[in-house]
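Comments concern the structure below.
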Amino acid sequence: MKAIRYTRYGSPDVLELQDADIPEIGDNEVLVRVQAASVNPYDMHFMRGTPYVVRVGGGLRRPRVTALGQDMAGQVEAVGKAVTAFKPGDEVYGQSTGSFAEYVSVPQDKMIRIKPANLTFEQAAAVAVAGTTALQAVLDKARVKDGDRVLVNGASGGVGTFAVQIAKALGGVVTGVCSTRNVEMAGSIGADHVIDYTKDDFTRTGERYDVLIDVAGGRKVAELRRILAPKAVAVGVGGPDNGNWIGPLSGMAKLPLRSPFVSQRLIAMFTGQRPNDLAILSELMESGKVTPVIDRAYSLGDVPEAMRYLETGHARAKIVITI
Ligand SMILES: NC(=O)c1ccc[n+]([C@@H]2O[C@H](COP(=O)([O-])OP(=O)(O)OC[C@H]3O[C@@H](n4cnc5c(N)ncnc54)[C@H](OP(=O)(O)O)[C@@H]3O)[C@@H](O)[C@H]2O)c1
């Protein structure tokens with residue numbers, strides 16, 4: 001099969017389209033013929049080996065796993081002896097390391113789910129990492145409920161476009177923050193109000209919110225607290241890459257450090273791989289409450305180009321790889 005491989009950390013130039021063996025499946029595993037994948041900052045961090053903290057598990061000097069990519073959608077090609085939940089021909093989506101390839105294997109009880117019939121493979125491939133991150137931030141951490149005033153800082157990116165829609169689905173009154181070129185898109189996915197950060201500072205509008213989902217990061221805790229109601233929840237999801245050791249984590253970590261001393265709940269979150277989250281997202285997508293937003297599609301050989309675009313920090317919604 002064709003697959004993206006890399007043997008050293010670096011820029012997208014380290015990524016090569018190579019011939020590789022089709023993964024062998026164990027008794028409990030499903031072999032998926034990948035139709036589409038999508039790129040995430042997670043892949044970028046493992047490609048670069050920065051922040052250095054990723055090297056703890058990923059390989060100190062060079063990548064321990066030479067395959068890249070997490071998000072995928074495709075057709076089941078074969079199943080192991082003990083697999084009961086899937087059969088060849090099923091259309092599925094989910095997450096598995098090495099998804100920038102023609103085939104991946106996934107344990108049947110991990111991040112794999114039947115693809116909602118109303119989604120294309122490209123749309124389904126956009127869901128796993130960004131969708132579960134947004135779900136865990138909005139539902140589990142912030143517990144958004146009917147009528148909550150929710151601000152999503154970074155509303156136009158991969159995570160942000162899911163967060164806006166999930167918060168709306170839970171009954172939130174949502175304000176999205178993005179740049180001028182994305183204002184219309186943020187409104188079209190359901191944001192009730194949109195703040196253009198190139199014109200207005202969202203921390204100085206005088207408005208207060210019950211929930212802040214901070215995907216873009218980069219602001220001081222004191223600035224963020226200006227917009228929080230007394231019992232609000234702020235969830236730090238991401239942020240600018242400040243330095244090479246812990247990258248965006250340095251900004252996010254300030255939230256829980258401050259939390260014990262203030263009336264609001266200030267949280268930094270790390271996405272966990274929870275198969276049930278895909279079940280919840282499938283329901284939201286089948287009902288039309290959440291629709292993945294695709295910016296551009298690239299071919300498998302153009303993964304380096306897709307990564308270069310992601311590296312700008314200004315990709316709109318999700319970037320998919322069509323295989
Ligand atoms: N905590 C976790 O476990 C976890 C999981 C997944 C992702 N993340 C992190 O979450 C962050 C976002 O991920 P993503 O997949 O959404 O990335 P992405 O798709 O690359 O996000 C790009 C978006 O960020 C927006 N943006 C850039 N600067 C901004 C600013 N100053 N204010 C508001 N918006 C701004 C851009 O909008 P404009 O072009 O309009 O500026 C663009 O739409 C990353 O830092 C990622 O590492 C964390």
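Whatever order the structure lists them in is the order used to number ligands and atoms, beginning at 1. Note that the coordinates shown come from a computational prediction; the quantities given were computed from them, not determined experimentally.
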Output the distance between atom CD (E29) and atom CD (E24), rounded to the nearest 0.5 Å.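 E29 atom CD to E24 atom CD measures 10.5 Å (nearest 0.5 Å).
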Would you call Q70 and M111 a side-chain contact if the rule is heavy atoms closer than 4.5 Å?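 No - every pair of side-chain heavy atoms lies 4.5 Å or more apart.
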Contact between L68 and V303 at the side-chain level, heavy atoms closer than 4.5 Å - yes or no?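 Side chain of L68 against side chain of V303, heavy atoms only: no contact under 4.5 Å found.
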Is it the case that over 12 heavy atoms from other parts of the model lie below 6.0 angstrom from the CD atom of E283?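 Open.
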Around [atom], find the nearest protein heavy atom and jot down its residue, atom name and distance.
atom	result
atom 39 (O) of ligand 1	H314 ND1, 3.0 Å
atom 42 (C) of ligand 1	A315 O, 3.1 Å
atom 10 (O) of ligand 1	G238 CA, 3.6 Å
atom 6 (C) of ligand 1	T133 OG1, 3.5 Å
atom 48 (C) of ligand 1	V237 O, 3.0 Å

Under 4.0 Å from a heavy atom of [X]: give me the atoms of ligand 1 that qualify, with their elements.
X	answer
G154	33 (C), 34 (N)
N153	32 (N), 33 (C)
G239	45 (O)
L310	20 (O)
N182	37 (O), 38 (P), 39 (O), 40 (O)
V215	10 (O), 11 (C), 12 (C)
H45	47 (O)
S179	38 (P), 39 (O), 40 (O), 41 (O)

Looking at every non-hydrogen atom in both residues, tell me the closest pair between [X] and [Y] and how far apart they are.
X	Y	answer
F46	G58	CE2-CA, 4.2 Å
F86	Q108	CE1-O, 3.6 Å
A134	A163	CB-N, 3.5 Å

Quick one: which of C178, G218, G157, P240 has a heavy atom closest to atom 23 (C) of ligand 1?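 Shortest heavy-atom distance from atom 23 (C) of ligand 1: G157.
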So which of Y42, F162, Y197 gets nearest to atom 32 (N) of ligand 1, if we judge by its closest heavy atom?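 Residue with the shortest heavy-atom distance to the ligand atom: Y197.
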Would you kindly specify which portion of [X] sits under 4.0 Å from ligand 1, judged on non-hydrogen atoms: side chain, backbone, both or neither?
X	result
V159	both
T271	both
P41	side chain

For the residue pair [X] and [Y], confirm or rule out a side-chain donor-acceptor distance under 3.5 Å.
X	Y	value
D277	T132	no
D71	S99	no
Y9	T50	no
Q264	S259	no

Would [X] count as a polar contact of ligand 1, with the cut-off being nitrogen or oxygen pairs under 3.5 Å?
X	answer
M252	no
S156	yes
M269	yes
G158	yes

Output yes when a side-chain donor or acceptor of D27 lies under 3.5 Å from a complementary backbone atom of G80, and no otherwise.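 A pair under 3.5 Å: no.
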Y93 side chain to L278 backbone, donor-acceptor under 3.5 Å: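 Checking the backbone N and O of L278 against the side chain of Y93, a donor-acceptor pair under 3.5 Å is found.
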Start with the C-alpha gap between D302 and R308, add the side-chain angles, then the distance that decides, and say whether salt bridge (Lys or Arg N to Asp or Glu O under 4.0 Å) holds. CA-CA 10 Å; D302 281 335; R308 275 185 203 103; over 6 Å; no
Determine, using heavy atoms of G313 and all atoms of ligand 1, whether some pair is separated by less than 4.0 Å.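 G313 counts as a contact of ligand 1 under the 4.0 Å cut-off.
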In this structure, does ligand 1 have an atom that sits under 4.0 Å from one of the heavy atoms of P248?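 False for this residue.
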